[in-house]
Amino acid sequence: MRRTLIAGNWKMNGLTGDGVALATSLADRARSAGSVPFDMLLCPPATLLSLVADATGDAPLAIGGQDCHTADSGAHTGDISAAMLKDLGCSYVIVGHSERRADHDEPDSLIKAKAEAAIRHGLTAIVCIGETEAEREAGKTLDVVGGQFKGSLPEGATPYNTVIAYEPVWAIGSGKTATPDDAAEVHAAIRKDAAVLKDAAFADGLRILYGGSVKPGNAADLLSLPDVDGALVGGASLKAEDFWAIAQATPGA
Ligand code: PGA
């Protein structure tokens, strides 16, 4: 049974005051909610990881990075290694977000190596894949997503150390969301590819998140799809009330 993962990608947002306030508010909600049918993950900017880890304390919230280097340490100015994230209490790291693929020209091979570095250090890699608007309009969605999945999937991927996030690029931060039918089609295709690339047990256990303008108002429709195992949330994860409401849209919550 795949447990729903509700992940918040704060991107390059948050100074110490608001970051701690957001984390504290979510930690309070998570503590008082007790047993819930979802895992909640916060991915603040690296500058806030320590403070967020302190603010969430023993609350049932996981912490993750937004990127990591392929190497464990060394002369890589400005970069952060998976070992450093682990050391701060992270259990996840996002790799291959479309903003990094675009802003930093990250190819699938690099994203795969980053995911492998994450796994080496005991982190779960959230590998992001998704088509642009032009690719969708050209009817290439499944080819593009399938190619990215194959190219970025780390060696030794298991349902425990790897999560896939399908994020159509045109839906990120745009207010446009994939229709449930579109999301269902792509998620099912990814799961089918997972069975071909590895095996049925991997495909069956693999969590595939949807991302791109997920909001309290559309979360229930997306999270109720059989192959959607959670959400990667950007903008709406910056408001405790909205992020919590999205998690509450998990079936059975
Ligand atoms: P969004 O971002 O929810 O603001 O569209 C999602 C993401 O980029 O992970």
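Order of appearance sets the numbers: ligands from 1, and atoms from 1 within every ligand. For the single chain, residues carry numbers from 1 onward in sequence order.
- Other residues, nucleotides and ligands place no more than 12 heavy atoms under 6.0 Å from the NZ atom of Lys150.
- Each of Lys112, Arg101, Lys114 was scored for a salt bridge (Lys or Arg N to Asp or Glu O under 4.0 Å) with Glu106, with one residue passing: Lys114.
- Here the CH2-CD distance, from Trp10 to Gln66, works out to 10.0 Å after rounding to the nearest 0.5 Å.
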Could you check ligand 1 for N or O atoms lying under 3.5 Å from protein N or O atoms and list the pairs with distances?
unit_1, atom_1, unit_2, atom_2, d
ligand 1, 2 (O), Lys11, NZ, 3.3
ligand 1, 2 (O), Gly234, N, 3.4
ligand 1, 3 (O), Ser213, N, 3.4
ligand 1, 3 (O), Gly234, N, 2.8
ligand 1, 4 (O), Gly235, N, 2.8
ligand 1, 5 (O), Gly173, N, 2.6
ligand 1, 5 (O), Ser213, N, 2.7
ligand 1, 8 (O), Lys11, NZ, 2.7
ligand 1, 8 (O), His97, NE2, 2.6
ligand 1, 9 (O), His97, NE2, 3.3
ligand 1, 9 (O), Glu167, OE1, 3.3
ligand 1, 9 (O), Glu167, OE2, 2.7

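- By the 6.0 Å contact criterion, NZ on Lys215 is enclosed, its count of non-hydrogen atoms from other residues, nucleotides or ligands being greater than 12.
- Residues Asn218 and Thr177 bring a donor and an acceptor atom of their side chains to less than 3.5 Å of each other.
- Salt-bridge check for Arg191 with Asp229: passed, with a basic side-chain N closer than 4.0 Å to an acidic carboxylate O.
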